[in-house]
**Q** 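Can you keep this structure in mind? I'll have questions shortly.
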Amino acid sequence: MATLQTRATARLMMSPAVILLFLWMIVPLAMTLYFSFLRYNLLMPGTEEYIGVVNYQYFLTDPAFFTALGNTLMLVGGTLLITVIGGILLALVLDQPFFGQGIVRLLVIAPFFVMPTVSALVWKNMLMHPVNGLFAWIARTFGFQPIDWFAQLPLFSIILIVAWQWLPFATLILLTALQSLDGEQIEAAEMDGAGVFSRFYYLVLPHLSRAITVVILIQTIFLLSVFAEILVTTNGGPGIQTTNITYLIYMQALLQFDVGGASAGGIVAVVLANIVAFFLIRLIGKNLER
Amino acid sequence: MGSITLEKVSKSFGTTTVIPEIDLEIDNGEFVVFVGPSGCGKSTLLRMIAGLEDLSAGRIVIDGKDMSNEAPAHRGLSMVFQSYALYPHMSVYQNIAFPLKMDGQDKATIDKKVRDAANILNLANYLDRRPGQLSGGQRQRVAIGRAIVRQPKAFLFDEPLSNLDAALRGNMRLEISDLHHQLQTTMIYVTHDQVEAMTMADKIVVLNAGRIEQVGSPLDLYRSPRNVFVAGFIGSPRMNLIEGPEAARHDAATLGVRPEHVKISTTEGAWKGTVGVSEHLGSDTFIHVQTESAGKITVRTDGDFTAEHGQPVYLTPDAPRMHRFGADGQAIQRT
Amino acid sequence: MARAVKTRTKLTFTIIGWTIGFLIFFPILWTFLTSFKSEGTAIATPPQFLFFDWTLENYHEVQSRSDYGKHVMNSIVISVGSTLLGLLLAIPAAWAMAFSPTKRTKDILMWMLSTKMMPAVGVLVPLYLIFRDWGLLDTRIGLVAVLTMINLPIIVWMLYTYFKEIPGEILEAARMDGASLAKEIVYVLTPMAVPGIASTMLLNIILAWNEAFWTLNLTAANAAPLTAFIASYSSPEGLFWAKLSAASTMAIAPILVMGWFSQKQLVRGLTFGAVK
């Protein structure tokens with residue numbers, strides 16, 4: 001069906017989306033790159049000048065950058081750890097036949113649809129509040145000292161909230177992958193005398209490996225940019241204990257109006273994300289061939 | 001009316017030639033089967049006739065009119081696809097009515113034609129169902145129904161039975177043959193199954209690697225295959241093809257003899273051998289014999305013949321029915 | 001595995017499954033319950049679970065806030081608007097890629113995907129400045145434009161995978177049946193593509209509704225959708241948990257229901273077809 005005419009039509013049909021996306025990608029990115037080499041502060045208009053890589057020097061040698069980088073890695077790593085392990089366990093449970101399976105499935109995926117600002121505020125206030133929160137009440141009921149979550153364990157608290165939001169995503173994808181596992185394969189392994197754990201280790205886990213990779217990569221992309229949860233709970237504090245790269249750049253740009261410095265940070269963030277994206281793209285691309 | 005002529009038709013994708021120049025004459029009312037192994041270009045050829053693929057060169061003439069560059073819709077042909085390609089969102093009735101609706105016929109005419117077709121195809125009770133609710137055989141009939149309501153110049157079938165199980169395939173074969181007798185319309189039928197070709201065709205076109213190997217009636221092809229390929233492809237079980245000294249003894253590079261043209265005896269014969277596997281079909285028995293001089297030979301004998309595994313036997317080919325092929329694979333004419 | 005499962009095993013998993021489900025869902029349930037409490041009951045210790053004076057007062061109060069309706073409208077306009085605009089751009093593109101693929105189709109798809117992986121913060125500064133200079137800050141139009149571009153790759157991808165599933169033979173059958181290109185699109189392709197378009201739309205509205213980077217950074221009072229409205233409850237002065245809960249419940253309920261309906265498509269949409 002591929003005649004010359006249809007090919008021309010196809011190109012015409014694709015061009016609006018492709019051109020707009022291209023502009024959307026290239027124009028702001030080029031501007032960020034350009035700004036990153038300027039001294040450019042909105043509070044001091046008219047002082048813009050080319051200063052080479054100074055912004056990068058400042059950004060990359062700022063101790064706050066390393067704290068933020070560490071926080072970002074902790075946030076991403078911690079959330080991944082909880083969601084992937086939790087997701088596998090949950091998927092295994094949800095894959096078993098039991099009464100009300102469909103309803104439980106709906107309950108489990110629900111957090112994914114809650115907007116980030118809502119989940120952050122609900123957790124911060126109603127669950128984690130050191131005096132009136134539910135966790136505090138539970139701790140006191142069992143005779144423990146309630147934890148002041150956002151003062152004592154600020155980053156962990158945010159990890160907990162973010163993990164709650166992303167656990168459904170991991171569960172749903174792993175469950176989908178699990179359900180595509182060939183039942184006869186499991187039965188064959190059973191005939192071969194494989195127990196529950198060897199079946200999990202030798203059959204289920206390898207089958208899930210691709211889905212796990214997808215979960216890790218996609219979540220990493222999103223988790224590198226966690227923002228709203230930090231904004232409405234801690235504002236990056238106490239100090240900069242919960243400031244991640246995204247939040248650090250946001251502060252520099254919209255609170256300190258340091259366009260040049262924020263742009264340099266933005267470029268650093270783009271580079272970091274691209275390292276992850278590189279692997280994800282290759283994985284999906286490979287899948288597209290089949 | 002429905003005569004189709006292919007003149008020097010060829011097809012290539014980029015630099016790969018799928019079909020080198022082909023000439024073919026299909027008469028009105030004929031049932032023509034394109035048969036060949038998968039990838040031989042038979043489906044491509046059919047789709048070129050349908051107008052779903054462009055020609056790289058040559059002409060396709062339908063009823064005396066050059067249709068080479070005409071859109072599929074204007075060629076007056078109907079097609080039944082391998083996957084049936086029924087419209088899943090339409091009922092059986094709507095599926096069959098679709099070509100008539102596209103043709104802009106009025107409601108009453110459409111209704112009459114759809115119901116007639118449904119009656120012919122035993123679909124009258126299923127008109128309100130969706131394709132998803134039908135069995136494979138019923139879907140097949142809907143696809144055929146959709147093809148016949150247009151009263152086309154010719155029907156094109158693209159491996160229509162390959163998704164059905166063996167029993168159903170046998171039935172549908174008969175139904176399609178019946179339909180051909182009823183309608184007397186030209187049919188072009190593509191299959192890789194030589195049994196379908198033999199049982200249904202008026203004329204078989206054997207294709208291999210895009211080339212036509214032989215054109216002829218089923219019995220022509222069976223009795224006098226033009227080359228080794230056709231000899232091996234037509235007939236079941238396959239013709240025994242013998243090479244080496246035994247063939248040379250008959251002045252041929254390859255010697256062919258059909259399993260039904262070999263006599264088996266426990267006492268005497270031309271080729272000595274031992275019985276391997278015997279397949280008892282009831283009416284017939286196929287015996288696979290390892291011979292000393294002619295290699296592995298399959299013999300078809302009546303259902304009452306029994307032979308033990310490993311038993312020595314003697315085989316005698318029916319000399320007048322042997323086929324001789326030269327080193328180029330072409331048949332050597334009997335003198 | 002087609003075999004009888006022992007009732008006891010099934011019961012055990014019923015208990016485990018429901019317990020986990022309840023725990024994960026609890027924060028949402030708790031928000032829902034709290035939205036019917038008075039502010040005093042909401043912060044009471046020990047917490048009141050079911051037996052309190054149920055009241056709709058919070059809902060009345062949230063809705064009577066002068067700006068509430070505006071924020072709801074902003075959310076609707078922004079999420080629906082960006083989705084429709086995205087579909088308008090993506091349907092022809094995905095169509096072309098699925099039904100008239102070339103050697104470069106795959107590259108274009110992968111490139112589109114890669115734009116999705118650019119961190120928002122990388123382009124925050126220039127976008128903020130562009131918006132400021134063009135007077136787009138705190139406007140619905142500006143947000144619709146940004147969210148359209150953000151979600152366009154996902155829309156194209158989802159539609160592409162759906163369109164790809166429509167077998168080419170059916171389109172050829174329509175052509176053989178005498179349908180012109182226009183009729184082919186109206187009678188055959190569109191009815192078959194509608195379910196895919198609908199679920200793409202649903203998922204995209206959800207994503208746009210919950211987007212909380214650009215909506216927080218590019219809006220103030222006028223164009224702020226519910227994400228930003230809820231964020232305004234984060235101010236430390238006073239604990240208005242019951243009202244927060246009522247506002248939150250209203251903000252998430254419609255999306256939660258839509259999400260439940262689209263859970264199957266979710267996997268496809270968010271993994272770009274890498275997991276089916």
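A note on names: the letters A, B, ... follow the listed sequences, proteins ahead of strands, and every chain is numbered from 1.
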**Q** Could you tell me whether a side-chain N or O of C/N210 sits under 3.5 Å from a main-chain N or O of A/P116, the two making a donor and an acceptor?
**A**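 The answer is no, because no donor-acceptor pair under 3.5 Å joins these two groups.
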**Q** Counting only non-hydrogen atoms closer than 4.5 Å, does A/Y250 touch chain C with its backbone (N, CA, C, O), its side chain (CB onward), both, or neither?
**A**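 For A/Y250, backbone and side chain are both near chain C.
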**Q** Side-chain contact, heavy-atom cut-off 4.5 Å: A/L224 with C/P119?
**A**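 No, too far: nothing below the 4.5 Å cut-off.
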**Q** Measure the shortest side-chain to side-chain distance between C/F13 and A/F99 over non-hydrogen atoms and say whether it is less than 4.5 angstrom.
**A**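 No - every pair of side-chain heavy atoms lies 4.5 Å or more apart.
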**Q** Looking at chain C, which one of A/W137, A/Y34, A/W123 has the largest number of heavy-atom pairs inside 4.5 Å, strictly under?
**A**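 Most heavy-atom pairs under 4.5 Å with chain C: A/W137.
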**Q** Answer yes or no: does atom CZ of C/R104 have more than 12 heavy-atom neighbours from other residues, nucleotides or ligands under 6.0 Å?
**A**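 Open: at most 12 neighbouring heavy atoms sit under 6.0 Å from CZ of C/R104.
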**Q** I'd like to know if the side chain of A/T117 reaches the main chain of C/T227, judged simply by a donor and an acceptor atom lying under 3.5 Å from each other, with no hydrogens or angles considered.
**A**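 Yes, the answer is positive, given that a donor and an acceptor are paired below the 3.5 Å cut-off.
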**Q** Side chains of C/W111 and A/F22: does their closest heavy-atom pair fall under 4.5 Å?
**A**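 They are in contact (side-chain heavy atoms under 4.5 Å apart), so the answer is yes.
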**Q** Heavy atoms only, distances under 4.5 angstrom: which of A/V108, A/V114, A/I249 has the most pairs with chain C? Name it, please.
**A**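 Going by pairs under 4.5 Å, I would pick A/V114.
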**Q** Do C/W18 and A/L107 come within less than 4.5 Å of each other through their side chains, counting heavy atoms only?
**A**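 When only atoms from C-beta onward are counted, A/L107 and C/W18 do touch, with a gap below 4.5 Å.
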**Q** Using only non-hydrogen atoms and a strict under-4.5 angstrom cutoff, which residues of residues 163-171 of chain A touch chain C?
**A**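 Residues in range: A/W164, A/L167, A/F169.
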**Q** Determine the interplanar angle of the C/F213 and A/F227 rings, folded into 0 to 90°, and report it as parallel if under 30°, tilted if 30 to 60°, perpendicular if over 60°.
**A**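 C/F213 and A/F227: perpendicular rings.
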**Q** Could you tell me which of A/P16, A/P111, A/A136 has the largest number of non-hydrogen atom pairs under 4.5 Å with chain C?
**A**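 Among the listed options, the one with the most contacts to chain C is A/P111.
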**Q** First locate atom CE of A/M14, then atom CE of C/M97, and finally report the distance between them rounded to the nearest 0.5 Å.
**A**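 Answer for the CE-CE pair, A/M14 versus C/M97, is 5.0 Å.
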**Q** Please name all residues satisfying side chain to side chain contact (heavy atoms under 4.5 Å, CB included) with C/A208, sequence neighbours left out, ordered by chain then number.
**A**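 C/A208 satisfies side chain to side chain contact (heavy atoms under 4.5 Å, CB included) with C/S79, C/S82, C/L147, C/N151 once adjacent residues are dropped.
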**Q** So, does C/S248 use its side chain to make a donor-acceptor pair with the main chain of A/V118 at under 3.5 Å?
**A**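 Between the backbone of A/V118 and the side chain of C/S248 there is no qualifying donor-acceptor contact (under 3.5 Å).
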**Q** Is chain C contacted by the side chain of A/V215, its backbone, both, or neither, given a heavy-atom distance below 4.5 Å?
**A**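 Neither; nothing under 4.5 Å.
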**Q** Heavy-atom distance under 4.5 Å between the side chains of A/R11 and C/T102, does that happen here?
**A**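 They are not in contact (no side-chain heavy atoms under 4.5 Å apart), so the answer is no.
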